[in-house]
Each structure stands twice: as C-alpha cells, then as structure tokens.
2 protein chains.
Amino acid sequence: MSLTIFFAAPSVWDEYRDLLPMLLSQAGIAAKVVTDAADPTTVDYIIYAPSAPLQDFTPFTRCKAVLSLWAGVERIVGNATLTQPLCRMVDTGLTEGMVEWVVGHSLRHHLGMDRHIINPEHSWNPTCPPLARERVVAMLGMGALGTACAQALAALNFNVRGWSRTAKLIDGLSCDHGEAGLESVLRDADIVVTLLPKTAETENLLNAQRLGWMKPGAVILNPGRGPLIDDDALLAALDTGHISHATLDVFRVEPLPEGHAYWRHPRVTVTPHIAADTRPTGAARVLVENIRRGEAGEPFLNLVDRARGY
Amino acid sequence: MSLTIFFAAPSVWDEYRDLLPMLLSQAGIAAKVVTDAADPTTVDYIIYAPSAPLQDFTPFTRCKAVLSLWAGVERIVGNATLTQPLCRMVDTGLTEGMVEWVVGHSLRHHLGMDRHIINPEHSWNPTCPPLARERVVAMLGMGALGTACAQALAALNFNVRGWSRTAKLIDGLSCDHGEAGLESVLRDADIVVTLLPKTAETENLLNAQRLGWMKPGAVILNPGRGPLIDDDALLAALDTGHISHATLDVFRVEPLPEGHAYWRHPRVTVTPHIAADTRPTGAARVLVENIRRGEAGEPFLNLVDRARGY
C-alpha cells in the first residue's frame with residue numbers, strides 16, 4: 001500500500017519536488033508526496049518547516065510522525081495539537097556548515113585576522129599570534145552540532161572545554177555541566193561558542209553575571225539561537241571591552257532590524273543566519289530514512305524529547 | 001668531553017639563553033653554548049639564522065653541522081664556504097602555526113567572511129556558502145608544511161589537490177607533479193596555496209600564463225615565499241578580477257614598503273610574515289635532537305639537499 005506524505009513547507013517545495021520521490025523510490029518505499037492534504041486522515045507522515053502555515057495537527061489522525069526540516073523546533077514543540085512523534089533535522093550538510101562557520105570564525109579571532117583585513121594605516125607588526133594549543137574554546141552545548149565543532153577545533157589543537165546542561169561523557173573531550181561547571185568553563189575560555197537549543201532554561205544563558213565571569217578580552221560566537229544571549233548585557237560588556245568581540249549569526253528578530261545596536265557596534269560582526277542551513281540533498285536522505293524506520297517499526301532518528309524541548 | 005655550540009643568531013639569543021642549556025642538560029649532552037666564537041676551530045655545532053652577520057664558515061674546521069633556525073634556507077644554501085651538513089628548521093610550532101594560518105584564511109575566503117566583517121550598508125543576505133566539500137584547494141608544495149596543511153583542509157572536507165615539482169605519493173591525498181599536473185591543478189582550484197621553497201625553479205612559479213590557467217574568481221594564499229609569485233602579473237590579474245583576492249604573508253622586500261601596490265589594492269590582504277614563526281620551545285627541542293643525532297652518528301633531521309636547495 002502506498003504511503004501519503006504531506007509536504008507542509010511550501011516555501012522550499014521546489015527544492016524537494018523531484019528529490020524526495022526519487023529517494024523514496026530508491027529506498028523501495030511506495031509513497032506519493034502531496035502539498036495539499038485534502039483529506040488529513042489519509043496522511044501517514046508530515047514534512048514540516050516550523051515557519052509553515054500548518055498549526056493544527058488534530059485532523060491528522062493517521063499521521064505517524066512530523067518530520068521537521070529545521071534543527072530548531074522551539075516554535076512547534078509546545079503546540080498541544082502536535083501529539084505525534086516529532087523529529088528534528090540533523091543532516092550532514094547542516095553539521096558540516098556549522099563546523100565550517102565555527103572553526104572559521106574561531107581561527108579568525110584566534111589569528112586576529114580583522115586587523116589585517118582592515119588596515120588603512122598599512123601597519124606591519126610581525127608579532128605571531130599564540131598557537132591554538134595555547135587557547136581555550138568553550139563549547140556551550142554538546143549536542144550533535146556542538147560535539148562536531150568541538151572535535152574539529154580539538155583536531156586543530158585548540159583546548160576545547162565542552163559544557164552541557166546535564167552530565168555527558170564524550171570520547172576524548174572534556175565536558176562540564178551544571179552552574180558550577182559553567183562558571184569554570186567561562187572563566188577559562190578565550191573564545192565562547194553558544195550552540196544550545198532555545199528552551200526556557202537556556203534563554204539569556206549569557207546574562208550580565210555570566211558575561212562577567214568571562215576572561216577580559218574574550219570573544220563570543222553565537223551560531224545557536226538569538227535568545228541564548230541577553231542582548232543588553234552583551235552590548236554593555238562590549239562597550240567596556242570586557243568582551244572584545246561578538247560574532248553573531250542568530251538574533252531575536254531576523255533579519256536583524258536596521259537601527260539595531262549590533263549593526264553599528266565596532267566590536268560586533270553580524271552574519272545573516274548562514275552558519276548552518278538545511279541542504280536539500282542531505283536533508284531528504286534523513287527524511288526518507290525516518291520514513292523507512294517508521295514503516296519498519298524502528299526508532300526514529302533525532303526524535304524530540306518534549307519535556308526537554310529539543 | 002664538553003661540546004661547544006656557537007649560537008650565531010644574536011637577534012633571538014634572549015629567547016634561547018636559558019632554554020637551550022636546560023634542554024641540552026636534560027638530554028644528557030655536556031655542552032656550553034657561546035655567542036662569540038673566539039676560536040672557531042673549537043666549535044662543534046653552529047646554530048644559525050640566515051639573517052645573521054656570520055657569512056664565512058671556512059674557519060669552523062671542526063663544525064659537524066650548521067643548524068638553521070629558519071625553515072627557508074635560500075639565503076645560505078648557495079654559500080660556498082658552508083661545507084658542513086646544513087639542517088633546516090621544521091618544528092611543530094612552525095607547522096601548527098602554518099596550518100592555522102592556511103586553514104583560517106581558506107575558511108575565511110570559503111565562507112566569504114570579509115563581506116560580513118566590512119558591511120557598512122548592513123546588508124542581510126542569508127545565502128549560505130557552498131560546503132567545503134564543494135571547493136577545491138590546490139596545495140602547491142607538499143613538503144612537511146604543505147602536507148600538514150593539506151591534511152587539515154581535507155579533514156574539514158575540502159577537496160585538496162596537492163602539487164609538487166617531483167612525483168610524490170602521500171597517503172590519502174591526491175598529488176600531481178610537473179608542468180601538466182600544475183596546469184590541471186590550477187584549472188581546478190577555487191583556492192591556491194603556494195607553500196614551496198624558493199629555488200631557481202620556483203621563482204615566479206605563478207606567472208601571467210599560470211595565473212591565466214586559474215578559475216575566474218579564484219583566490220590565492222601565499223604563506224611560502226614572496227618570489228613564488230610574479231607581483232606584476234598578480235596585480236594585473238587582480239585588477240581584472242580574474243583573481244578575486246590574494247592574501248599574502250611573504251614579500252620580496254619585508255617589511256612590505258609603504259607605497260607598494262599590495263598595500264592599496266582592494267583585493268589584497270597583507271599579513272606581516274606571521275603565518276609560521278619558529279617558536280623557541282619547539283625549535284630548541286629540534287636543535288638538541290639534531291645535536292644528539294650528530295654525536296650518536298645518526299642521520300640529521302631536516303638535512304638540506306644542496307642540489308635541490310632545500
């Protein structure tokens with residue numbers, strides 16, 4: 001019997017229109033992909049972007065899983081009508097893109113590139129930067145993305161100190177947890193990367209007190225979620241120079257509004273939410289694999305824990 | 001019997017004054033380190049910077065090796081009075097620093113960081129860059145430094161195409177050689193890294209013809225030696241935009257003279273010969289190991305082949 005897959009993310013349908021049926025067929029899954037659920041009771045799986053118009057999942061009585069195209073599911077995880085298993089997107093392209101952004105900007109700040117990129121005085125000061133092995137990078141968030149970034153930084157000899165809310169054991173990487181762990185990691189780090197999901201517990205994780213724990217002159221990279229940082233507290237710490245630079249990819253409001261202080265601050269670099277993007281080819285493989293698992297009665301990949309919120 | 005080691009690099013003596021005797025003693029080598037060779041016939045080893053005043057090695061009749069503090073020995077390799085074994089410096093710190101510079105600037109250009117670092121219009125254009133696996137990096141020069149850089153770039157999924165003057169087989173890395181190999185590698189690459197020694201054969205390696213082989217919009221990173229590139233040909237290719245950017249760490253004359261076109265060119269980033277520097281701790285270990293080898297009759301590390309010039 002053929003499955004009905006409802007593709008409820010109209011803005012990206014063009015990128016998946018040919019790809020999804022091809023990969024489903026290659027996986028031996030008989031299915032039709034529809035963009036209009038005339039009869040919701042016939043839908044087996046929903047492929048979903050949290051920005052999509054669909055908000056009431058009640059009529060989808062046969063739906064076995066809602067498969068998000070996004071890694072961040074905070075917009076949808078609290079939807080009481082969504083009672084089906086919910087899976088986040090964790091695809092290779094997304095992880096690779098994130099690793100490249102985090103490693104690239106870590107090296108940029110480590111090497112002090114900006115003073116060579118912008119050097120109107122033609123200043124020649126041949127002082128070598130320290131080696132990466134003399135720098136500590138704090139990775140706040142040791143999920144799939146944080147762990148991949150930590151491993152790539154460690155491979156370049158950075159001293160990586162991971163931190164997660166709950167205790168974790170990760171091969172070959174130091175990983176602290178809890179409030180005491182956070183203070184110790186922040187006091188130690190030259191570069192702090194925030195790569196946590198947005199939950200009630202992580203909102204304003206970097207507030208004035210915790211920014212105060214950081215080493216004078218430390219740098220912040222936020223490719224995670226805008227609300228992880230208390231914007232006013234960060235701007236105050238940048239004004240005094242306590243934080244020497246912040247490179248931010250995510251914001252409470254996107255696009256970052258013209259007139260926002262981050263645009264004008266000389267110690268802030270804005271990147272336009274490009275650190276990690278879902279690439280169709282990798283994402284479609286993950287979707288198809290989860291549908292295969294659903295049909296085979298195997299556990300879903302990247303199943304969201306509703307209590308934790310990610 | 002105690003060895004006499006002549007430290008003929010006065011400008012960096014302060015960094016080695018305590019370190020060298022300590023490491024020699026730890027290695028069980030009885031030696032005194034002097035900065036003045038009152039009687040050249042008593043000197044067993046010379047530690048040397050090619051910029052040092054010493055140019056006539058004839059009086060050092062007992063000297064078993066000249067140990068350069070620099071990786072590049074082109075200033076000294078043609079000195080006819082230097083008949084002793086000559087060793088280049090290849091230390092971990094130098095390799096690590098080079099890898100950090102090359103990977104950092106490769107990621108900078110790959111991710112298009114400059115347009116976010118300098119963005120006076122506050123433009124928000126959330127187009128993701130391609131993944132590193134969609135980029136080709138040409139590594140011209142597959143010695144110790146080039147190979148380490150190539151491996152680090154490959155670990156980040158860049159497609160690395162190595163090239164060396166003579167055929168080489170390097171585990172897991174594609175490596176071409178000769179003129180035909182050079183053309184193929186240059187035509188393919190998005191980023192070209194020049195990391196060859198300066199010899200008669202490598203001077204102006206990137207001349208107008210070979211720059212013309214490069215992909216329109218490709219980027220050049222030169223952390224090797226200034227003369228590897230024909231400066232006028234590069235400036236012409238930058239003017240037309242055929243080469244979209246050059247990030248240069250080394251120059252024919254250093255410091256790069258005020259008024260040089262590279263300082264003013266909008267498509268050039270100058271870094272002040274900081275890609276790789278000899279760090280005393282790592283370098284001193286290599287010096288002591290070579291002295292130990294010399295005394296034990298074992299082959300020297302990083303012995304220069306005078307015919308090849310490196």
Side-chain angles (χ1 to χ4, degrees), chain A residues 92-93 96-97 99-133 151-152 155-158 247 249 251 254-260 262-264 269-279 282, chain B residues 92-93 96-97 99-133 151-152 155-158 247 249 251 254-260 262-264 269-279 282:
Chain A
T92 325
E96 286 179 17
V99 167
E100 293 167 17
W101 189 95
V102 168
V103 172
H105 285 281
S106 294
L107 284 169
R108 168 188 157 218
H109 289 295
H110 161 58
L111 296 172
M113 279 185 198
D114 291 18
R115 70 173 154 274
H116 306 302
I117 296 171
I118 308 167
N119 182 11
E121 288 84 22
H122 305 166
S123 149
W124 177 280
N125 171 14
T127 308
C128 277
L131 292 173
R133 62 172 66 254
Q151 286 166 335
L156 287 164
N157 301 311
F158 283 103
T247 291
D249 187 58
F251 306 90
E254 294 182 6
L256 183 67
E258 183 55 41
H260 194 289
Y262 283 149
W263 277 125
R264 293 185 315 273
T269 304
V270 171
T271 69
H273 204 145
I274 53 164
D277 194 21
T278 301
R279 269 84 173 176
Chain B
T92 324
E96 287 179 16
V99 167
E100 293 167 17
W101 190 95
V102 168
V103 172
H105 285 281
S106 294
L107 284 170
R108 169 189 156 216
H109 290 295
H110 160 57
L111 296 172
M113 279 185 197
D114 291 17
R115 69 172 156 272
H116 306 303
I117 295 170
I118 308 166
N119 182 12
E121 289 83 24
H122 305 164
S123 149
W124 177 280
N125 170 13
T127 309
C128 277
L131 292 172
R133 62 171 67 253
Q151 285 166 336
L156 287 163
N157 301 311
F158 283 102
T247 291
D249 187 58
F251 306 91
E254 295 183 5
L256 184 65
E258 183 56 41
H260 195 288
Y262 283 149
W263 277 126
R264 293 185 315 273
T269 304
V270 171
T271 70
H273 204 143
I274 53 164
D277 193 22
T278 302
R279 270 85 175 176

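The chains referred to below are lettered A, B, ... by the order of the sequence lines, with proteins before strands, and numbering in each begins at 1.
- With a 4.5 Å cut-off on non-hydrogen atoms, Val270(A) touches chain B through its backbone and its side chain both.
- Most heavy-atom pairs under 4.5 Å with chain A: of the set Ala152(B), Ser106(B), Gly97(B), Pro129(B), this distinction falls to Pro129(B).
- For Pro120(A), no part sits under 4.5 Å from any heavy atom of chain B, backbone or side chain.
- For chain A, the option among Ala276(B), Ala275(B), Pro126(B) with the highest count of heavy-atom pairs below 4.5 Å is Pro126(B).
- Here the straight-line distance linking atom OG1 of Thr92(B) with atom CZ of Arg133(A) works out to 7.5 Å at 0.5 Å rounding.
- Residue contact with chain B, scored on non-hydrogen atoms closer than 4.5 Å, involves the side chain of Phe251(A) exclusively.
- The aromatic rings of His122(B) and Trp263(A) sit parallel, their planes meeting at an angle under 30°, below the 60° perpendicular limit.
- For the options Arg264(A), His273(A), Arg115(A), His105(A), heavy-atom pairs under 4.5 Å to chain B are most numerous at His105(A).
- In this structure, the portion of Thr127(A) lying under 4.5 Å from any heavy atom of chain B is its backbone and not its side chain.
- Across all non-hydrogen atoms, the minimal contact from Pro130(B) to Glu100(A) is O-OE1, 4.1 Å.
- Of the atoms belonging to Ile274(B), heavy atoms from both backbone and side chain fall under 4.5 Å from chain A.
- Only the backbone of Ser123(A) comes within contact range of chain B, with at least one heavy atom under 4.5 Å from a heavy atom of that chain.
- Of the two parts of Asn157(B), only the side chain, counted from C-beta on, holds a non-hydrogen atom closer than 4.5 Å to a non-hydrogen atom of chain A.
- The line from OG1 of Thr269(B) to CD1 of Ile118(A) is 10.0 Å long, rounded to the nearest 0.5 Å.
- Both the backbone and the side chain of Ala132(A) come within less than 4.5 Å of a heavy atom of chain B.
- Here the side chains of Ile117(B) and Met113(A) are not in contact, with every heavy-atom distance at 4.5 Å or above.
- Only the side chain of Glu258(A) comes within less than 4.5 Å of a heavy atom of chain B; its backbone N, CA, C and O stay farther away.
- Minimum interatomic distance between Leu131(B) and Gly93(A) (heavy atoms only, all atoms of both residues): CD2-O, 3.6 Å.
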